[in-house]
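All of these numbers come straight from a predicted model, not from anything done at the bench. Atoms considered below: every heavy atom in the structure, side chains included; atoms not considered: hydrogens, waters and symmetry mates.
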Protein chains: 2
Amino acid sequence: MLKLTRKVEYALIALRHMQNKESRAVTNTKEIAEMYDIPLELLAKTLQLMARGGIVDAVHGPNGGYKIKAKLENINMIEFFEKIEGPLGLMDCYFDSDCTQISACNIRSPIQKINDNMRNMFENMSVDEITQ
Amino acid sequence: MLKLTRKVEYALIALRHMQNKESRAVTNTKEIAEMYDIPLELLAKTLQLMARGGIVDAVHGPNGGYKIKAKLENINMIEFFEKIEGPLGLMDCYFDSDCTQISACNIRSPIQKINDNMRNMFENMSVDEITQ
DNA sequence: TTTATACCCGACTAAATTAGTCTGAATTAT
DNA sequence: ATAATTCAGACTAATTTAGTCGGGTATAAA
C-alpha cells in the first residue's frame, strides 16, 4: 500500500546517475543496469518511457544511450509518475460510483480528501528536488 | 501504485458512518456492509482491526456492534494506516540495501526523500480531518 | 555497405500483493 | 438454551507489478 513501483525507482536512479555527468555525455542502459544491479530489460523499458515523455533524449546506434533533456526542476512528481505509470487513479473512490444511495454522504468523500492532499503534495515537488 | 487498500477505505467509511450517530449508539457490521454494499466478511475484519487498535470499542452479543472509542482528532493517518495494514514500508529503498557499491550515492536517497515527505504529510493529517 | 551496438516495442510469464471467502469458534442479551 | 454478534485464522481468487523474450529499427564506424 502506498508504494512506488520499481519502474519509478529505476527511473529516479537513472536520472540521478545522469545528473552527475556532463550535459553532453550519453549513458547507455547497460551501464546503469550493471552499476545498480537492475534487470536490464526492465530498466530499458523505463528509459524508453522517459524518452517518450520527453524527459530524456535517446541516441541510437553504437555509443548511443540517453541524456537528460528536460529541466527537471520544471517537472513535478505527478507529471513524472504519470509519464512512467500512466494516469494515476491514486485510489478508487468508493463513494463516487454510486453516490445516490447514501444521503448522508458529502460530495467530497474521505477518500477524495486524501487523494487531493497527495496530489497536491506531489504537484509541489519537482523531480530535481528529489534526484539532486 | 500509491493506492490505498480497500480495508483502509472501508475503515474510513465505517468511521464516518459512526460519527453521524449519537456517541452511545452501537453499529453492527451488517448495517454498514449493506448500506455501502461492502463485502461483509472483509468489513468485519477491518472493524476487528480497528477494535484491536483501540479506535473503536466492540460490543459482543445480540444488539452488539461497534462504537467509536478514540478521539479521532488525535490519531494521525500514519498511525491509522499502520493499525490497519501493519508497518508501512512506504517503498523499498533500493539504495539502502547495498549502499557500499555506489560511491556516488548519498546516504539520503531519492526514494527516502519521497518517503519522508509522504510520512510527514500523513503525520500532520488527523483521521478526523478526513472523516468529518 | 556491411556489421555491430544500442534503442524500440509489444506480448508473454512469474511473482507478489490485495481482495474476498469459509469455517468454526467465543461472548452475551433475551 | 438460543440466536445475534464479534473474533480469528486459514484458504482461494483476482489484480497488479516485476521481469523475460523475441523480433524489430536506427546509426556510427570499419
Side-chain angles (χ1 to χ4, degrees), chain A residues 1-11 13-14 18 25-34 36-69 81 83-92 94, chain B residues 1-11 13-14 18 25-34 36-69 81 83-92 94:
Chain A
M1 162 193 187
L2 290 176
K3 286 220 189 92
L4 296 187
T5 60
R6 298 261 202 216
K7 273 193 297 193
V8 167
E9 291 188 19
Y10 297 159
I13 289 168
M18 288 189 274
V26 159
T27 309
N28 69 38
T29 309
K30 202 175 165 198
E31 175 182 328
I32 300 175
E34 285 179 350
Y36 302 94
D37 197 28
I38 297 172
L40 180 79
E41 307 287 353
L42 192 49
L43 177 63
K45 267 189 171 174
T46 305
L47 284 162
Q48 283 160 33
L49 289 167
M50 287 204 283
R52 270 191 235 171
I55 300 172
V56 298
D57 255 335
V59 178
H60 286 232
N63 305 316
Y66 298 92
K67 57 189 170 186
I68 294 176
K69 177 188 189 184
F81 291 156
K83 279 173 197 289
I84 291 167
E85 292 295 335
L88 282 209
L90 292 195
M91 51 214 70
D92 307 332
Y94 194 80
Chain B
M1 165 191 183
L2 290 175
K3 285 220 190 92
L4 295 187
T5 61
R6 297 262 202 216
K7 274 193 297 191
V8 166
E9 291 187 19
Y10 297 159
I13 289 168
M18 290 189 273
V26 159
T27 309
N28 70 38
T29 309
K30 203 176 164 197
E31 174 181 330
I32 300 175
E34 286 178 352
Y36 302 95
D37 197 29
I38 297 171
L40 181 78
E41 307 287 353
L42 193 49
L43 177 63
K45 266 189 172 174
T46 305
L47 284 162
Q48 284 160 32
L49 288 168
M50 287 205 282
R52 270 191 234 171
I55 300 172
V56 298
D57 255 335
V59 178
H60 285 231
N63 307 316
Y66 297 91
K67 57 189 171 187
I68 294 176
K69 178 187 188 185
F81 291 155
K83 279 174 197 291
I84 290 167
E85 291 296 335
L88 282 208
L90 292 195
M91 49 213 69
D92 307 331
Y94 194 81

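In this structure, A:A14 and A:L47 approach most closely via the heavy-atom pair CB-CD2, 4.0 Å. Of all heavy-atom pairs between A:E85 and B:M1, the closest is CG-SD, 3.4 Å. Pairing each heavy atom of A:G64 with each of A:N28, the nearest pair is O-CB, 3.6 Å. Residues A:V56 and A:Y66 share a closest heavy-atom pair of CG2-CD2, 3.7 Å. The shortest non-hydrogen separation linking B:F81 to B:L4 is CZ-CD2, 3.8 Å. Between B:D57 and B:K69, the shortest heavy-atom contact is OD1-CD, 3.7 Å.
Separating the CD1 atom of B:I38 from the C1' atom of C:dG20 is a distance of 13 Å, rounded to the nearest angstrom. Per the geometry, OH belonging to A:Y36 stands 21 Å off C1' belonging to D:dG19, to the nearest Å. Straight-line distance from the CD1 atom of A:I84 to the P atom of D:dA18: 12 Å, rounded to whole Å. The CG-P distance, from A:L40 to D:dC21, rounds to 12 Å in whole Å. Between B:N28 atom CG and D:dA4 atom P the separation is 11 Å, expressed in whole Å. The separation between A:K7 atom NZ and D:dT17 atom C1' is 8 Å, rounded to whole Å. Straight-line distance from the CG atom of B:L4 to the C1' atom of C:dA19: 15 Å, rounded to whole Å. When the C1' atom of C:dC7 is taken as reference, atom CD of A:E31 falls 15 Å away, rounded to whole Å.
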Check step by step if side chain to side chain contact (heavy atoms under 4.5 Å, CB included) holds for A:V26 and A:N63.
CA-CA 8 Å; A:V26 159; A:N63 305 316; over 6 Å; no
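Regarding contacts with the backbone of D:dA18, every side-chain N or O of A:Y10 stays at 4.0 angstrom or more from both OP1 and OP2. In this model, the phosphate group of D:dA8 is approached by a side-chain N or O of B:R52 to a distance below 4.0 Å at OP1 or OP2. Residue B:T29 places at least one side-chain N or O closer than 4.0 Å to OP1 or OP2 of D:dT6.
Partner of B:Y10 under the side-chain contact (heavy atoms from CB on, under 4.5 Å) criterion, chosen from B:L42, B:I32, B:T5: B:L42.
The listed nucleotides are D:dT16, D:dG19, D:dT6; the one nearest the side chain of B:K3 is D:dT16.
B:K83 is not listed as a side-chain neighbour of B:L49, based on a closest heavy-atom distance of 4.5 Å or more.
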What pairs of nitrogen or oxygen atoms, one from the protein and one from nucleotides 22-30 of chain D, lie under 3.5 Å apart?
residue, atom, partner, partner atom, Å
D:dA26, O4', A:H60, ND1, 3.3

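Taken residue by residue, residues 42-50 of chain A places heavy atoms nearer than 4.0 Å to DNA chain D at A:L42, A:K45.
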